[in-house]
Each structure stands twice: as structure tokens, then as C-alpha cells.
Enquirer: 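First the structure, which I've put down as C-alpha cells, then a few questions once you've had a look.
What's counted below: heavy atoms across the whole structure, side chains too, no hydrogens, waters or symmetry copies.
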Amino acid sequence: MTSLQTLEPAVDEACCAPSDQAVLSAEDAQRKALVFKALADPNRLRLLSIVKGAGGGEACVCDLTEPLDLGQPTVSHHLKILVDAGLLHREKRGTWAYYSLVPGAIEQTAGLLSSL
């Protein structure tokens, strides 16, 4: 019977050294994940696109249901998620709500991954 030779793994002392880079805090990760979750839905991406392209920089919720072929409650739900993520601003005027992009939100969102 032959015995098997056991190899010791090569240990690189540098691989286990703690990193000097700052680690993303749990709070920051939660905020960033909220934005990524908001953007992970095709309907919400379309809503952002429609609001961004709207004349005057804002769109009434009444103008957002037809292009998506969704009911008003569903569109309002998606808009709330975008507002909560800090991407859209909501302004109530009478019975209608108007949505506009939060200034700088698109640029901040574009930099989220590079800031990790």
C-alpha cells in the first residue's frame, strides 16, 4: 500500500493583511441598494425616461399611465419607489401629482458603482 503525500498550502502573508480601503457602511449600502432596487424594474426605468424627456422637466401622473399601459395605482406605486430612492420629486397640485427629476440624481446614480 502506498501512502499519499500531503502538500501544505503556500501561505502568502500579504493576502491576509487588512485592507486600508474604507469599507462601505451598512447604512450606505442600504441607501445604494434602495436606488439599485428602484432601477431594477423596466417600468421604473421607463418612467424615469418619460419624466426626464417631458416638456418643462415634469410630468403629471395622468400622463404616465398610458405610455406604460398600466393602471394608475400601479404607476403610482412605481413612482413612490422612485421618490423614496431619491430619484424623483413629487409635487401635489390639486388632485394631480407632478413628478420631476431630483437635480443631480442621475449623475449621483451614475457614480454609485465607482464610489464603492
Side-chain angles (χ1 to χ4, degrees):
M1 187 161 167
T2 61
S3 64
L4 295 175
Q5 184 179 5
T6 309
L7 297 176
E8 294 294 321
V11 177
D12 181 6
E13 298 297 325
C15 80
C16 299
S19 172
D20 290 338
Q21 285 187 318
V23 176
L24 189 63
S25 73
E27 185 179 306
D28 285 341
Q30 186 70 26
R31 277 195 307 260
K32 289 180 183 201
L34 188 67
V35 174
F36 288 129
K37 285 179 184 180
L39 295 174
D41 184 277
N43 289 313
R44 292 193 281 268
L45 285 175
R46 291 186 66 207
L47 283 168
L48 276 177
S49 174
I50 293 166
V51 171
K52 184 178 182 213
E58 65 182 11
C60 177
V61 70
C62 61
D63 297 325
L64 299 172
T65 55
E66 187 179 326
L68 271 64
D69 195 29
L70 296 172
Q72 186 273 327
T74 303
V75 170
S76 291
H77 169 74
H78 287 306
L79 289 166
K80 181 183 182 325
I81 291 171
L82 291 168
V83 169
D84 291 347
L87 298 168
L88 289 180
H89 171 73
R90 179 180 185 265
E91 183 181 335
K92 185 96 165 138
R93 297 183 203 154
T95 58
W96 297 110
Y98 288 81
Y99 293 86
S100 59
L101 286 174
V102 170
I106 298 295
E107 294 76 17
Q108 276 186 323
T109 301
L112 282 179
L113 284 176
S114 63
S115 69
L116 290 179

Enquirer: Apply side chain to side chain contact (heavy atoms under 4.5 Å, CB included) to the pair Leu39 and Leu87, showing each step before the final yes or no.
Expert: CA-CA 10 Å; Leu39 295 174; Leu87 298 168; 3.8 Å; yes
Enquirer: Would you kindly confirm whether Leu82 and Leu34 end up in one hydrophobic cluster when ILVMFWY residues are joined by side chain heavy atoms under 4.5 Å apart?
Expert: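 Leu82 and Leu34: separate clusters.
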Enquirer: Using every non-hydrogen atom in the two residues, find where Val35 and Ala85 come nearest and quote the distance to one decimal.
Expert: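 Looking at all heavy atoms of both residues, the shortest contact is CG2-O, 3.5 Å.
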Enquirer: Sub-3.5 Å donor-acceptor pair from the side chain of Thr109 to the main-chain atoms of Ala105, do we have one?
Expert: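 Answer holds: yes.
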Enquirer: Show the nearest heavy-atom pair for residues Gly57 and Ser100, with the distance to one decimal.
Expert: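 Taking every non-hydrogen atom into account, O-CB, 3.2 Å.
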Enquirer: Any heavy-atom pair between the side chains of Lys32 and Leu24 that's under 4.5 Å?
Expert: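 Leu24 reaches Lys32 side chain to side chain.
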Enquirer: Hey, any chance Val75 and Leu88 share a hydrophobic cluster, counting ILVMFWY side chains that come within less than 4.5 Å of each other, even indirectly?
Expert: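 Linked, Val75 and Leu88 end up in one cluster.
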Enquirer: Supply the atom-to-atom distance Arg44 CZ to Lys37 NZ, rounded to the nearest 0.5 angstrom.
Expert: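 NZ of Lys37 is found 10.5 Å from CZ of Arg44.
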Enquirer: Starting from Ile50, can I reach Val102 by hopping between I/L/V/M/F/W/Y residues whose side chains sit under 4.5 Å apart?
Expert: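 Different clusters.
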Enquirer: Counting only N and O atoms by type, is there a donor-acceptor contact under 3.5 Å from the side chain of Arg46 to the main-chain atoms of Pro67?
Expert: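 Yes.
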Enquirer: According to a hydrophobic-cluster definition based on side-chain heavy atoms being under 4.5 Å apart (Ile, Leu, Val, Met, Phe, Trp, Tyr only), do Leu70 and Ile81 belong together?
Expert: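 Unlinked, Leu70 and Ile81 end up in two clusters.
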Enquirer: If you round to the nearest 0.5 Å, how far is CG of Leu68 from NE2 of His78?
Expert: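 Rounded to the nearest 0.5 Å, the NE2-CG separation comes to 7.5 Å.
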Enquirer: Got a sec, which residues hit side chain to side chain donor-acceptor pair (under 3.5 Å) with Asn43, two or more places apart in sequence or on another chain?
Expert: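 Checked Asn43 against side chain to side chain donor-acceptor pair (under 3.5 Å); zero matches.
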Enquirer: Just one of Arg90, Glu58, His89, Glu91 clears the side chain to side chain contact (heavy atoms under 4.5 Å, CB included) bar with Tyr99, so which one?
Expert: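 Testing each of Arg90, Glu58, His89, Glu91 against Tyr99, the sole residue satisfying side chain to side chain contact (heavy atoms under 4.5 Å, CB included) is Arg90.
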